[in-house]
Amino acid sequence: MKVLVLGFSVTADNDGFVERFISTNFENLKVSKIALGGVQPHHLAFLVRDLLSNKSFDLVILDISTAGFRSFLKKSIYLLSLINILKEVMLIGAKPIIFDIPRADIDPYKDWVFSTNEKICKLFNIQYIRAIDYMEGPLNNYFRDGIHTNSTGANLLAEVLLNNINSSMCDEFSPTYDSLPEVVKSIQLDIYSPDDTSFNKVEFSRAGYIKSFLQLKESEILQVSVSEQLYCNGVFYLMGPETGKFRLDFGEDEKTITALDSHCYYRRLGVSFFEGISIRNKITLINDPIRPNVELIKGTLQTGNILNYIGGFLLSNVQDLNEASNKLVDVLNFNFDLNYVFE
């Protein structure tokens with residue numbers, strides 16, 4: 001049985017729960033991972049189709065609760081993003097499993113994300129695993145920083161998966177694409193990655209994720225032709241000590257993106273997400289020659305040419321994702337419990 005663990009920075013740990021799960025070789029499972037540290041669930045909703053393209057898995061285990069989105073992401077957008085991710089997993093013929101890992105800074109028994117995930121799993125017959133059921137004592141016993149596991153936590157999460165991922169258990173669940181609401185089926189979220197041979201390409205590879213990014217030097221311009229029926233909801237790029245700012249020109253609208261912050265002492269993924277902007281045939285990206293005034297928490301900024309790296313544009317076939325997400329809430333008659341207590 002081929003298993004993919006798809007998640008964020010907790011999944012990305014080099015010697016984390018995934019590696020310890022793999023080392024058990026339980027039931028001859030073939031386990032791999034793709035982890036995107038710094039990415040949030042509403043970003044993953046656009047990236048997941050590309051991540052799963054031309055891949056074959058029996059199970060996809062989703063670690064999607066550990067990112068820091070609760071303080072700024074609308075609950076309805078999270079719901080839409082979650083179900084779209086589940087949709088894309090089902091479309092490749094795999095069974096999704098949600099694996100909820102707690103954060104030490106959030107009461108897991110009053111977490112609207114856990115409540116939402118469990119409800120959706122029950123509604124669509126998806127296997128749901130919550131690690132908190134196997135933890136004893138303070139949560140900090142299992143985490144080195146409140147979010148990422150220490151050795152004790154990694155071992156426990158691997159054991160939780162071992163106790164729950166087997167052919168007989170998985171056969172109890174049979175989620176289907178046909179059971180999903182039409183509002184989700186009709187929405188198409190994807191990433192469009194330009195392939196302009198006039199620019200150098202830089203490969204980013206980390207935690208099972210491999211992608212080529214176009215390299216733009218100071219004042220260079222990238223023009224991308226895209227169907228006018230689509231809307232741009234964001235841009236995907238790399239951040240590091242050599243990056244800076246760039247501008248997106250949509251004709252009547254434009255966005256300035258700062259791909260540099262105090263944590264850019266190493267190269268990492270960056271995503272800017274915004275309300276849908278109508279694309280009138282093309283997107284023009286202009287690299288800014290002026291470096292933002294940023295002080296790194298460690299290390300030093302690279303001097304000389306400012307380089308930016310473009311991985312793609314987040315595109316959708318609907319302009320207002322807020323409206324679509326509110327419609328989904330109504331269709332499902334969904335209630336986000338604020339004080340959810342596990343049964």
Side-chain angles (χ1 to χ4, degrees), residues 1-7 11 17-18 21-22 24-34 41 44-45 47-65 78-101 113-134 157-190 325 327-337 340 342-343:
M1 189 159 55
K2 294 178 66 176
V3 180
L4 173 68
V5 183
L6 177 59
T11 297
F17 75 93
V18 180
F21 180 44
I22 291 173
T24 62
N25 197 31
F26 180 70
E27 284 197 352
N28 293 317
L29 296 179
K30 296 180 180 179
V31 182
S32 57
K33 76 175 181 181
I34 300 176
L44 183 60
L47 303 176
V48 65
R49 179 177 295 179
D50 181 60
L51 291 175
L52 299 178
S53 176
N54 299 317
K55 294 181 175 66
S56 174
F57 298 101
D58 299 296
L59 303 175
V60 176
I61 301 170
L62 298 167
D63 155 34
I64 55 174
S65 302
Y78 173 75
L79 180 67
L80 179 65
S81 302
L82 170 65
I83 299 181
N84 190 78
I85 293 167
L86 297 172
K87 176 185 77 174
E88 295 297 335
V89 172
M90 294 178 196
L91 282 173
I92 68 164
K95 288 185 180 181
I97 297 173
I98 293 183
F99 184 31
D100 267 345
I101 302 169
V113 175
F114 278 23
S115 169
T116 298
N117 292 348
E118 184 177 29
K119 283 182 177 181
I120 291 302
C121 286
K122 288 181 177 178
L123 186 61
F124 296 109
N125 196 25
I126 294 168
Q127 187 173 0
Y128 177 70
I129 305 170
R130 53 194 182 208
I132 189 66
D133 290 347
Y134 300 82
L157 295 183
E159 183 179 346
V160 170
L161 290 181
L162 285 174
N163 291 335
N164 288 276
I165 305 299
N166 59 65
S167 55
S168 59
M169 273 191 170
C170 296
D171 286 345
E172 297 176 12
F173 302 90
S174 54
T176 64
Y177 170 81
D178 290 340
S179 68
L180 298 176
E182 287 299 325
V183 63
V184 175
K185 292 180 184 177
S186 65
I187 291 176
Q188 300 298 318
L189 308 181
D190 205 352
S325 67
K327 182 178 179 180
L328 176 62
V329 171
D330 291 340
V331 167
L332 295 179
N333 193 25
F334 202 84
N335 178 40
F336 295 95
D337 295 335
Y340 174 74
F342 291 138
E343 296 176 357

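- The two atoms that bring I101 and A131 nearest to each other are CA-CB, 4.4 Å, heavy atoms only.
- The closest side-chain heavy-atom distance from I120 to L79 is below 4.5 Å.
- With rounding to the nearest 0.5 Å, the separation of OG1 in T116 from CZ in F336 is 5.0 Å.
- Side-chain N or O atoms of K87 include none that pairs as donor or acceptor with a backbone N or O of L180 at under 3.5 Å.
- Looking at heavy atoms from C-beta onward, K2 lies out of side-chain contact with K55 at the 4.5 angstrom threshold.
- In this structure F173 satisfies the ring pair (Phe, Tyr, Trp, His ring centres under 6.0 Å) test with no other residue, sequence neighbours excluded.
- K33 places no side-chain N or O within 3.5 Å of a backbone atom of G7 that could act as its donor or acceptor partner.
- Interatomic distance, F334 CZ to L123 CG, rounded to the nearest 0.5 Å: 8.0 Å.
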Open item on the list: side-chain contact (heavy atoms from CB on, under 4.5 Å) for V48 and L6? Distances and angles first, verdict last.
Closed with: CA-CA 9 Å; V48 65; L6 177 59; 4.1 Å; yes
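- Remark: E159 pairs with no residue by the side chain to side chain donor-acceptor pair (under 3.5 Å) rule, at least two apart or across chains.
- Proximity of V60 to E88: side-chain heavy atoms (C-beta onward) are nowhere separated by under 4.5 Å.
- Panel note: side chain K119, backbone N335; a donor-acceptor pair is recorded below 3.5 Å.
- When the options F99, F21, Y134 are evaluated for a side-chain contact (heavy atoms from CB on, under 4.5 Å) with L157, the one that passes is F99.
- Under 3.5 Å, the side chains of N117 and S65 contain a donor-acceptor pair of N or O atoms.
- The two residues P181 and V331 come nearest to each other via the heavy atoms CB-CG1, 4.2 Å.
- Here the closest heavy-atom approach between residue P41 and residue S81 is recorded as O-CB, 3.8 Å.
- Interatomic distance, L47 CG to I34 CD1, rounded to the nearest 0.5 Å: 11.0 Å.
- Residue I187 comes nearest to L189 through the heavy atom pair CG2-CD2, 3.5 Å, listed as atom of the first residue, atom of the second, then distance.
- No more than 12 heavy atoms of other residues, nucleotides or ligands sit less than 6.0 Å from atom NZ of K30.
- The shortest side-chain heavy-atom distance between V160 and D133 does not fall under the 4.5 Å cut-off.
- A donor-acceptor contact shorter than 3.5 Å is absent between the side chain of N84 and the backbone of L80.
- Rounded to the nearest 0.5 angstrom, I165 CD1 and I97 CD1 are separated by 3.5 Å.
- Contact detail for A94 and F57: the closest heavy-atom pair is CB-O, 3.2 Å.
- L29 places none of its side-chain heavy atoms less than 4.5 Å from the side chain of T24.
- Atoms CG and CD, on N125 and E172 in that order, are 9.5 Å from each other to the nearest 0.5 Å.
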Open item on the list: Checking L4 against V89 for the side-chain contact (heavy atoms from CB on, under 4.5 Å) test, could you report, in this order, the C-alpha distance in whole Å, the side-chain angles of both residues, the deciding distance, and whether it holds?
Closed with: CA-CA 10 Å; L4 173 68; V89 172; over 6 Å; no
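- Of the possible donor and acceptor atoms, none in the side chain of D58 sits under 3.5 Å from a partner among the backbone N and O of M1.
- Separating the CZ atom in F124 from the CG atom in L332 is a distance of 5.0 Å, to the nearest 0.5 Å.
- Residue I126 comes nearest to P96 through the heavy atom pair CG2-O, 3.2 Å, listed as atom of the first residue, atom of the second, then distance.
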